[in-house]
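Scroll down for the structure; my scribbles are underneath it.
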Amino acid sequence: MEMKIGCHLSSSGGYLAMGQTAESIGANVFQFFTRNPRGGAAKPIDQDDVARFRKFAAEKSIGPILAHAPYTLNAAGAEARVRDFAFSVMLDDLKRLEFTPGALYNFHPGSHVGQGVEKGIELISGMLNRISETFGSVPSTTVLLETMAGKGSEIGRSFEEIRAIIDATKMPLGVCLDTCHIWDGGYDIVEKLDEVINEFDSVISLERLKAIHLNDSMNDFAAHKDRHEKIGKGRIGLDAFAAIINHPKLRDLPFYLETPCDLQGYKEEIALLKSLRVEK
Ligand code: FE
Ligand code: FE
Ligand code: ZN
């Protein structure tokens, strides 16, 4: 199978523009924000643009596309206003994503802001359950929990916390594994990649793993900080990325770069990673 690789793209020009940009830099998948990453209203869906994109994506074998929720979405917030915002944004995002069936939707589980992890997990699963009830049908989109670095009171800093959210939620959930976040979170993917993958499998199950964010890290192992670096320029290093993209249990997953790059930089990283790929 051909490697599925791409990067985060600006959604300001619409879907077709993202598809064309992806193709121009050698990508066959991409991620985008559903709206301004700090929150706010999303632009109305342009049905012509969506139709043209879907035709283009089918012709060029582009996908799955990964929509990223705004950073301000905090389902575990202490204030009802914050939690209601998370609920209405996610519900609206999932309704909009029905126009591009089969998409992935990634969100940061949330920060418990001092209420404790257990309370945070209860609030997150409570919101997800309310989303399923309100949505009416089963969304065609797969909702993914992103593994987090554990900065501040972030939930999702361990595989066990992700598992606990899955267990408390009725909606079928997948996981997006972020290499920078788990490295900063204390999973040694440089020296012990196999052990980390096995631990993921035993705690969460690899069947839930639907996407990988490929990011190097500016921080030392287990720093719980979360600052992305260009591939091969950080503490994770190129050898680890070569092992990750070729690993038999990961190699068929879609890989999305979120490194501090412009388009030219992403094009180069995609070419670099493709050069490290060992086709079977
Ligand atoms: Fe993220
Ligand atoms: Fe990420
Ligand atoms: Zn990050």
Side-chain angles (χ1 to χ4, degrees), residues 4-11 27 29-39 64-77 86 89-90 93-94 97 103-111 120 124 128 141-159 161-162 165 173-187 189 196 200 204 208-231 233-236 240-241 244-245 250 253-261 265-266 269-270 273:
K4 288 189 182 294
I5 175 117
C7 62
H8 188 91
L9 294 177
S10 164
S11 57
V29 296
F30 61 86
Q31 172 178 271
F32 60 100
F33 283 124
T34 54
R35 62 192 71 218
N36 182 309
R38 308 232 153 261
I65 60 170
L66 173 55
H68 196 305
Y71 293 142
T72 43
L73 189 152
N74 185 11
V89 165
M90 187 178 289
D93 282 349
L94 290 176
L97 286 167
L104 303 170
Y105 179 71
N106 176 57
F107 78 108
H108 297 178
S111 294
I124 295 162
L128 291 168
T141 304
T142 306
V143 177
L144 310 182
L145 300 160
E146 182 167 355
T147 59
M148 302 308 292
K151 191 175 60 181
S153 65
E154 271 175 357
I155 299 168
R157 59 193 279 149
S158 69
F159 297 160
E161 289 184 7
I162 298 279
I165 300 168
L173 295 170
V175 177
C176 174
L177 188 143
D178 185 308
T179 55
C180 168
H181 296 175
I182 65 168
W183 167 259
D184 282 24
Y187 291 94
I189 50 175
V196 172
F200 185 101
I204 300 173
R208 301 247 180 209
L209 185 56
K210 303 295 181 195
I212 296 193
H213 281 166
L214 283 182
N215 301 303
D216 211 325
S217 171
M218 288 184 185
N219 303 300
D220 288 332
F221 178 63
H224 298 293
K225 276 190 184 149
D226 184 7
R227 287 184 66 206
H228 302 185
E229 181 53 285
K230 293 175 181 161
I231 299 297
K233 306 274 189 239
R235 303 296 166 90
I236 296 175
F241 286 103
I244 289 165
I245 61 167
L250 307 179
L253 290 165
F255 298 101
Y256 304 84
L257 294 157
E258 305 176 299
T259 51
C261 282
Y266 278 135
E269 286 193 336
I270 290 165
L273 290 159

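FYI, side chains are in, hydrogens and waters are out, and symmetry mates aren't considered; it's all heavy atoms of this structure. First listed ligand is number 1; within each ligand, the first listed atom is number 1. Along the sequence shown, the residues carry numbers beginning at 1.
The closest side-chain heavy-atom distance from Ile165 to Pro109 is below 4.5 Å. Taking the side chain as every heavy atom from C-beta outward, Pro70 and Val89 approach each other to under 4.5 Å. In this structure, the side chains of Val29 and Leu66 stay at 4.5 Å or more apart for every pair of heavy atoms. Counting heavy atoms from C-beta on, the side chains of His213 and Cys180 never come closer than 4.5 Å.
Classification of the Tyr71-His68 ring pair by plane angle, with boundaries at 30° and 60°, yields perpendicular.
The NE2 atom of His181 and the NE2 atom of His228 subtend an angle of 110° at the Zn ion (ligand 3), given to the nearest 10 degrees.
No other N/O/S atom of Asp226 lies as close to the Zn ion (ligand 3) as OD1 does.
Put simply, the residue from Lys151, Met148, Arg157 that forms a side chain to side chain contact (heavy atoms under 4.5 Å, CB included) with His224 is Arg157.
Tyr187 and Phe159 have their aromatic ring centers within a separation under 6.0 angstrom.
Under 2.8 Å from the Fe ion (ligand 1), one finds the following protein N/O/S atoms: His68 NE2, His108 NE2, Glu146 OE1.
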